[in-house]
Amino acid sequence: MPARTDFPPFPENMETHPLVVVDYQLIKVGDEDEVEKLWTAATKLGFWYLKNHGADEEVNGMFDLGLETMALSEEEKMKYAENDEGVGYKAAGACVIDEKGTLDVIEMLNIAKDDILAYPKQVYAAYPRTVNARMENTLQPFVRKSVEVSKALLDALSGKLGLPKGALSERHKLEESSTCNARVIKTPPQPEGWSEEKALMAAHTDYGSLTFLHNRLGGLQVLAPGTSKWQYIRPLPGHAICNVGDSLNLLSGGILRSNLHRVVPPPGEQFLLERWSLGYFMRPGDNVPLRALVEDSVMIADAVAKAPGKTWDTGVTSKEWAVRRIMFIRAKNFKGKETWMASGGTEDYKSIERAAGKVVEDIKA
């Protein structure tokens, strides 16, 4: 059965944060004005809409795959439970979302890029039959299209950063082992309502470099720089939502912004509906060191020099960064605030506290 597409509209009177609309087809041909729009979005908020990406058919297939897989029995899905590298099926309640150990409510299916492209060879994990049935006609086309789009964006940003041609793409080679994955998320409706505090503590930045996200309902919110109010991102038909993650923020010496975001129940008439989303998470190769590329770009070197209090060399690889974040949000590993904080990335927790209305000390830049 195809996934539902006839949803109630996002409320017109709902306050939203406007995103820059970037045309992928113009990025592909190197249009200078369009690249400048991408640059503005990636450095100011780290989020933008992407139109004309050409992935609609692949995205529809991925939503169908998600529906088919989540409809399997819990017993069947748990045979393919998520492993320590974040690959497989994640049941509701398998992760914590705050320092109190509150359990999450979402189901998630993470399918490794390396498994998808190596199929029928297994690299990381086995998957339910519904996934295997769509490896060649749904997952492989989705991954290849997502990588094509992401690399075009990386190449455009690489040029603006003053890096050698292909410097970022070289760190995201398709054929190299990585923690890149395709993900489908199912969030049940919350008829009893939801807690603002609980939602705020779920605020996060993404682990990797670029996220190529597809939503059909509202619920995604951002905390824009210099503000203390969460704002919805309006879902637009045919538009992906892209955002910068921690890896790209670190490689660029903080020039490209990995912004705080969260997901809450959709507003208005959408509130009582299941919320489905899916995305491709582009991450550097497993062995790529997560540190600012100061030797390759004067712009990045200058940015690092102007922020001496920041640490732009994590001392770990891309894979180590991702696995640490995954490991410490697992409910089975939760031991209190210490493990919760250990799951963090580049999040600005002071901003989260300000948005929660808590009193915090002002910190001078």
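Positions are given from 1, in the same order as the sequence printed here. Worth saying up front: this structure is predicted, and the values here are computed from it rather than measured.
At most 12 non-hydrogen atoms from other residues, nucleotides or ligands lie less than 6.0 angstrom from CD of Glu338.
Residues forming a side-chain hydrogen bond (donor to acceptor under 3.5 Å, both in side chains) with Asn132 (at least two apart in sequence, or on another chain): none. His172 is linked by a ring pair (Phe, Tyr, Trp, His ring centres under 6.0 Å) to nothing, counting only residues two or more places apart in sequence or in another chain.
Remark: the backbone N or O of Asn110 is not paired with any side-chain donor or acceptor of Asn181 at under 3.5 angstrom. Counting only distance, with no hydrogens or angles, the side chain of Ser247 and the backbone of Tyr207 share a donor-acceptor pair below 3.5 Å.
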Any chance you could lay out the side-chain hydrogen bond (donor to acceptor under 3.5 Å, both in side chains) test for Thr346 and Asp246, step after step, and finish with the verdict?
CA-CA 6 Å; Thr346 64; Asp246 289 350; 2.6 Å; yes
Between Asn83 and Tyr124, does the side-chain hydrogen bond (donor to acceptor under 3.5 Å, both in side chains) criterion hold? Intermediate values first, please. CA-CA 9 Å; Asn83 62 24; Tyr124 289 113; over 6 Å; no
Evaluate the criterion side-chain contact (heavy atoms from CB on, under 4.5 Å) for residue pair Met62 and Leu139; output intermediate values, then yes/no. CA-CA 7 Å; Met62 287 294 296; Leu139 281 156; 3.6 Å; yes
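Under 3.5 Å, the side chains of Thr317 and Asn287 contain no donor-acceptor pair of N or O atoms. In summary, the side chains of Asn259 and Asn243 do not present any donor paired with an acceptor at a separation below 3.5 Å, with no hydrogens or angles considered. In the model, Thr69 has no side-chain atom that pairs as donor or acceptor with a side-chain atom of Tyr80 under 3.5 Å.
Cation-pi geometry between Arg183 and Tyr280 is not met: the NZ or CZ atom fails to fall both under 6.0 Å from the ring centre and inside 45° of the normal. In this structure, Arg262 is positioned above the aromatic face of Trp230, its NZ or CZ under 6.0 Å from the six-membered ring centre and within 45° of the axis.
Across all non-hydrogen atoms, the minimal contact from Ser178 to Arg283 is CB-O, 4.2 Å.
Put simply, the side chain of Thr16 reaches to within 4.5 Å of the side chain of Phe10, judged on heavy atoms.
Tested against Tyr89, the residues Glu74, Lys79, Glu76, Glu82 include a single side chain to side chain donor-acceptor pair (under 3.5 Å) partner, Glu74.
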